[in-house]
Amino acid sequence: MSPARPPAAPVRPQVLEAHGDRRLDPFYWLRDKQNPEVLAYLEAENTYADSVMGEVADLQDRLYHEIVGRVQETDTSAPIYFKGWWTYTRTVEGLDYEIYCRRRGSMDAQEEVILDGNELARGHEYFELGYVEHSPDENVVAYAADINGSELHELRFRDLTTGRDLDDVLHDVYYGAAWSADSKTFFYVKPDAAMRPYQVWRHRLGTSTNDDVLVLQEDDEHFELNVELSKSERFIFITNSSQVTSECLFLRSDQPDQEPLLIEPRRDEIEYSVDHQEDRFLIVTNDGATNFRLLAAPVSSPGRSSWTEVVPERPGVRLNFIDVHKGYVVLGERSQGLERLEVLHSTSGGLHVVEQPDAAYTAFPGSSPDYDSSVMRFFYTSLTAPWSAVDYEMDTRRRTIVKEQPVRGGYNREDYVSERLWATAPDEVQVPISLVYRRDLRRDGSPLLLYGYGAYEHSNDPMFDSARLSLLDRGFVFAIAHVRGGGEMGREWYENGRLLHKRNTFDDFVACAEHLVTEGYTAPQRLAIRGRSAGGLLIGAVLNQRPDLFACAVAQVPFVDALTTMLDEKLPLTVNEYDEWGNPAQLDFYRYIKGYSPYDNLRPVEYPALLVMGGLNDPRVSYWEPAKWVARLRTMNRGDRPIVLKTQMGAGHMGPSGRYESWREEAFVMAFVISQLGLDG
């Protein structure tokens, strides 16, 4: 049976005017979430999506069971020893959420359950923990729960000596948290109506929330606040940042009632972040360094006039962050397009790179809470290497694999090949591509899934995903286009893909796709593309630019109505995103964004098959962006390939929260791609 016809959203033109320019938006009315007709339309789209995918229901089911079949469903994370306790999380077959546990002194001791996500999630369609923070005395844990995908959390405190929650309950809390040294005072963050974290508050356990104290409020809508405890647990840092400017304040954790002190006032396009080591603060900054450098300042005199250089800026090395231990500093860097860990001996000043076994990989510091330890734990993976937790002894340079992610059913990494290619963009810039495929693949126009993002200096690093094996074992090539706007090749790579250089992101992606076709890895009729959020903007833009180059596209929570959204200062994230996209209240940015905004540049051509996914409660990319885009696409499309919209009616930007539903969604996406490329699965 053929699937039902897609629903047709009523056309109700709305005139949008700025700078004397008039745009006609036929589906502006879909922005009204309170309108029952809007919800009915979204439900009708979901019914149509299920109808289209009903034709490949068997394939979806096979893919889902393949994905689950590779997962060690009952498993335990690599335990961490800290303050006399071994802490870890574990999962149980058939249950969606992690269980947080600890054992006193030895892993042979009796287990204590700290939090059971499955119990906390009971009765909720959606559940996600924003953070879980142990008090310094290990007797209380603060946990923030989101039950609808809105990213507004309910904050509670569990007494670990009794296993019961305290009476203290705080509502509408955002990410960011810090305990004071006395384990009685807790700092948290609240957002404004536009979901901008703009306040840091202080709560005293056992007191009414009406007595909570506002510690800091940021009124400039370009800036966001965050609060965290240093690894040494001696200082609480409040960071105030926009996309390209920041400043830090601090207070002693044993003096939680004191006013926070400013380290250095913010200056436009100067960023710095701070951590603590003994009698000094360590500062990562781009002040005097495009790709950042490491500085130090005495705790007693932390301002810029006291800053001294510890590690200078080095050619081809982007310093991203530091992980501080008492005697060492781990530098998280990017060099030659790859993440790199480098260890600084705090006394001698000696530096050494942590050697890794693969040519292309991802490695970043993980859960190493012990400030006094000389052992650094990091996570390691590549496109062919399952995730590993590694303990690295910084003095002896000895590495120990504590745990490697198991892949059930047998996995031999030698059966797969990973490569790094370079495509040439229209302006002659070389753009890296990471790809993986089965060793026995015949390079004759194979099906290929190309993934991209390219914004916020976020890097798409090569990582292992056991679910991806379902594509690779069906003859797919999986590739990542490391386009400008991301951070793969340093700060300039980001700068050359934002604001009035944003089109480079799209040109880079097209160049990568063309290169993969030219080199015989795939062909346009076998080429699928995928992106999420800002990566969904990328997908929408390249579909308008080169609809002939792709056979299938997946856009998840896509930022596709860019101009209308950036003109609306009342929407979440708009104002503080001006540093990324530009402020269209300025004519040059208005024209530039209008020139690439996917919704505004649809044209009457034959578009590829398209799967679009949104979340009704999404605070980052409003559900109406994918909904409006799909409705308008259908009026412009001259082809007969399906355009499908699937909206999660009880979730937000991150999609479904439980692991089994997440795996079902991945099977749904894979089945769409496989079927639309004409493969039998």
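- We find that Arg484 and Asp507 are not joined by a salt bridge, their nearest charged nitrogen and carboxylate oxygen being 4.0 Å or further apart.
- Asp268 pairs by the salt bridge (Lys or Arg N to Asp or Glu O under 4.0 Å) definition with nothing, not counting sequence neighbours.
- Asp465 meets the salt bridge (Lys or Arg N to Asp or Glu O under 4.0 Å) test with no other residue; sequence neighbours excluded.
- Counting only N and O atoms by type, the side chains of Ser533 and Gln556 include no donor and acceptor under 3.5 Å apart.
- One finds a salt bridge joining Asp461 and Arg334 here, because a Lys/Arg side-chain nitrogen approaches an Asp/Glu carboxylate oxygen to under 4.0 Å.
- Residues Phe281 and Tyr272 keep their aromatic ring centres 6.0 Å or farther apart.
- The shortest non-hydrogen separation linking Lys231 to Asp275 is N-OD1, 4.1 Å.
- Partner Glu488 forms a side chain to side chain donor-acceptor pair (under 3.5 Å) with one of Arg318, His458, His482 and no other, that one being His482.
- Contacts of Arg293 classified as salt bridge (Lys or Arg N to Asp or Glu O under 4.0 Å), with partners at least two apart in sequence or in another chain: Glu309.
- In this structure, Gln336 places its CD atom where only 12 or fewer heavy-atom neighbours from other residues, nucleotides or ligands lie under 6.0 Å away.
- Under the 6.0 Å distance and 45° angle rule, Arg196 does not count as a cation-pi partner of Tyr174.
- With 3.5 Å as the limit, one finds a donor-acceptor pair spanning the side chains of Glu419 and Tyr521.
- Side-chain contact check for Ser466 and Arg408: no donor-acceptor pair (N or O, by modelled atom type) lies under 3.5 Å.
- In this structure, Glu264 does not pair ionically with Arg304, as no charged nitrogen and carboxylate oxygen lie closer than 4.0 Å.
- With respect to Arg491 and Glu269, no salt bridge is recorded, no charged nitrogen being found less than 4.0 Å from a carboxylate O.
- By the 30° and 60° cut-offs, the orientation of the rings of Tyr456 relative to Tyr453 is tilted.
- The ring of Phe364 has its center no closer than 6.0 angstrom to the ring center of Phe321.
- If you look at His325 and Tyr371, their ring centroids are not closer than 6.0 Å.
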### Task
Go through Arg498 and Glu580 one step at a time and tell me if the salt bridge (charged side-chain N to carboxylate O under 4.0 Å, His left out) criterion holds.
CA-CA 6 Å; Arg498 73 180 184 102; Glu580 181 70 26; 5.8 Å; no
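- With hydrogens and angles ignored, the 3.5 Å screen pairs a side-chain donor or acceptor of Ser368 with a backbone N or O of Arg377.
- A centroid separation of 6.0 Å or more is found between the aromatic rings of Phe672 and Phe668.
- Ring-plane geometry between Phe379 and Trp387 is classed as perpendicular, the angle between the planes exceeding 60 degrees on a 0 to 90 degree scale with a lower cut at 30.
- Side chain of Asn504 to backbone of Asn496: a donor-acceptor contact under 3.5 angstrom is found.
- Environment of CG in Leu351: crowded, with over 12 heavy atoms of neighbouring residues, nucleotides or ligands closer than 6.0 Å.
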